[in-house]
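Everything below concerns the one structure shown next.
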Amino acid sequence: MRSLSTVDFIAFAHGLQWTLVLVLLSFFFGGLLGLVLALLRTSPLLPLRLFASLILQIVQGVPLLALLMFFYFGMPVFLGVEVPSLTAVTVAFSIYSGVFLGEIWRGGIEAVKYTQWEAAASLGLSRYEQFRFVIAPQALKISLPATVGFLVQLIKGTSLAAVVGFVELTRAGQIAAAATFQQLLIYSIVAAIYFAICFPLTTWSRSLEARLNGTG
Amino acid sequence: MQNLNFQQVLRYQDEFMEGLLTTLQMTGISALFGLIIGIFGAVLLINGPKPIRILLKSYIEIIRNTPPLIQLFVIFFIFPSVGVRLSPFPAACVALSIYFGAYAIEIIRSGLNSIPKSQIEAGECLGLTRFEVFRFVILAPALRNIYPSLTSQLILLLLGTSVASQIAATELFHTGTFVESRTFRSFEVYALIAAIYVAVVIASRILFAAIGALAFRWPVRR
């Protein structure tokens, strides 16, 4: 047993860095998946819509922790080879983000009036051009507050990667707690670090929303 | 893929059942206390004195901007430091009630605030008493507005109880890790508990939708 020292804070900084790497990777890949899911959910073809809803129902019905464990232990089973833990947790968090971002963006796409599609079509734009130049910019603006809000959700969620031994901020805290037995102090510090990252984002999301509603 | 073996895992069905029951109990208890926090918190946030409003707002922001896992750890370790011995299940319930309460305050507050002031004035003009205004003009439509977000938050709470496994409360997820350590069938165990959670969540969604359809039948248009 030793006391809390500078070494621990360096470890926290190191863990925080991995938390951020994980968030960025999951947000990037989740964003790609989310775009696909949002397009499937707003597709005119019923089977595509049903398929996307099925994925949504399943992923949103499983605790993030179970999703993480499923991919952490499942990927070696499916692929037949060991995968690095960063890959496994990134896949799990990307799927989690993809499903939520897909729902958020679907809401954004549906909030753009259908006449906008028709207007774009009557200008002779192809289906892709209609989406890319007319619908997507408006949908993006509408769904930006919720997207930033989800980013907070994702940052908080990555703390669960600690459970499979991935050394991000929470795990760094657990390691320091095991060495110093000052759990309360250490987890309060870790909580404060998460708060310092998430609170500005929450505030930003709220101001974006107020601006969108014309009250800010 | 060919060496999947669910049989070994399914032998522990009694343990899984017990874990699921604990999960449901934990959800129920935390939801109850969280709702109490939510109702009083929302009323105080709207009508309370300024210091209390600031206190409540900080509580909500702290809970919403920190991971539930860390909240659980902080609360689990706060008790010994003030000299109280608390076993994992009640500790988890306390943490989850505090967690759910913060979201419940926000949901209930926005539901109560969603009633236009003009409607309250209209109610007063009709000669309704203060209680009648609250009961018929504010409460009934507010409940209708609150219900959908509150039930989806409840489902998030149900899924959130899985973090209680990290302080060794023996709910469903913890049962999973226990069976895994006995059988070494990680993949099968987590596939099975994921399936149980999905089934429970879909069943609760259907149940909530049915209750909602029955309870909010009266002809009120938004």
Side-chain angles (χ1 to χ4, degrees), chain A residues 19 57-80 149 152-164 168-171 173-174 177 181-203 206, chain B residues 1-4 23 58 60-82 152 155-156 158-166 171-174 176-177 180 184-205:
Chain A
T19 292
Q57 284 288 331
I58 293 175
V59 175
Q60 289 197 343
V62 176
L64 183 51
L65 196 52
L67 200 66
L68 190 67
M69 293 298 226
F70 182 78
F71 281 100
Y72 188 75
F73 292 112
M75 282 186 57
V77 177
F78 281 121
L79 302 175
V152 173
Q153 203 70 19
L154 179 62
I155 294 171
K156 294 192 294 176
T158 55
S159 65
L160 296 178
V163 176
V164 293
E168 37 66 76
L169 182 55
T170 301
R171 185 75 195 138
Q174 285 181 329
F181 281 99
Q182 287 181 293
Q183 289 101 336
L184 185 59
L185 176 66
I186 285 172
Y187 290 124
S188 305
I189 294 171
V190 171
I193 300 175
Y194 277 107
F195 184 82
I197 305 167
C198 293
F199 185 63
L201 287 172
T202 310
T203 313
R206 207 173 290 145
Chain B
M1 283 300 289
Q2 54 271 65
N3 48 17
L4 282 189
T23 286
S58 342
I60 295 170
E61 293 300 339
I62 290 171
I63 297 297
R64 296 215 310 181
N65 291 301
T66 53
L69 180 63
I70 301 290
Q71 291 162 18
L72 186 73
F73 285 151
V74 169
I75 288 174
F76 188 58
F77 290 113
I78 237 173
F79 286 109
S81 77
V82 293
S152 43
I155 286 176
L156 288 179
L158 173 74
L159 298 178
T161 54
S162 60
V163 298
S165 60
Q166 297 309 306
E171 40 67 75
L172 181 56
F173 194 87
H174 190 269
T177 37
E180 192 226 328
F184 298 107
R185 289 279 161 196
S186 324
F187 178 74
E188 291 87 336
V189 165
Y190 292 112
L192 181 68
I193 57 174
I196 300 176
Y197 277 112
V198 171
V200 173
V201 165
I202 291 178
S204 342
R205 283 213 181 106

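Protein chains get the first letters and strands the later ones, always in sequence-line order, with residue 1 at the start of each. Predicted, not measured: the structure shown is a model, and the values here were computed from it.
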Sorted by chain and number, sequence neighbours left out, side chain to side chain contact (heavy atoms under 4.5 Å, CB included) with A:Ile58 holds for A:Leu54, B:Val198

Distance-minimising heavy-atom pair for A:Leu65 and B:Ser162: CD2-O, 3.5 Å

Between B:Phe173 and A:Met69, is any pair of side-chain heavy atoms under 4.5 Å apart? yes

With sequence neighbours left out, write down each residue that passes side chain to side chain contact (heavy atoms under 4.5 Å, CB included) with B:Glu61, or none if nothing qualifies. A:Phe195, A:Phe199, A:Thr202, A:Arg206, B:Asn65

Against chain A, label B:Ile78 side chain, backbone, both or neither, depending on which of its atoms sit under 4.5 Å from a heavy atom there. both

Report the option among B:Ser81, B:Pro68, B:Ser186, B:Gly160 that has the most heavy-atom pairs separated by less than 4.5 Å from atoms of chain A. B:Ser186

Chain A heavy atoms under 4.5 Å from B:Leu172: which part of the residue, side chain, backbone, both or neither? neither

CZ of A:Phe70 to OH of B:Tyr190: how many Å apart, nearest 0.5 Å? 12.5 Å

Looking only at heavy atoms, the pair that brings B:Leu159 and A:Pro63 closest together is O-CB, 3.5 Å

Given a strict heavy-atom distance threshold of 4.5 Å, which part of B:Ser165 is in contact with chain A: side chain, backbone, both, or neither? side chain

How long is the span from the CD atom in A:Gln183 to the CZ atom in B:Phe76, to the nearest 0.5 Å? 9.0 Å

Distance (rounded to the nearest 0.5 Å) between A:Tyr194 OH and B:Leu69 CG: 8.0 Å

Which pair of non-hydrogen atoms, one from A:Gly74 and one from B:Phe187, has the smallest distance, and what is that distance? CA-CD1, 3.1 Å

If one checks every heavy atom of B:Val200 against chain A at 4.5 Å, the contacting part turns out to be neither

Correct closest heavy-atom pair for A:Val62 and B:Tyr197 would be CA-CB, 4.4 Å

Under 4.5 Å to a heavy atom of chain A? For B:Glu180 that would be side chain

A:Ala191 versus B:Ile70, closest heavy-atom pair with distance: CB-CG2, 3.6 Å

If you round to the nearest 0.5 Å, how far is CG of B:Leu156 from CD of A:Gln60? 8.0 Å

Side-chain donor/acceptor of A:Lys156 to backbone N/O of B:Arg64, under 3.5 Å: yes

Nearest-0.5 Å distance, CZ of residue B:Phe73 to OG of residue A:Ser159: 8.5 Å

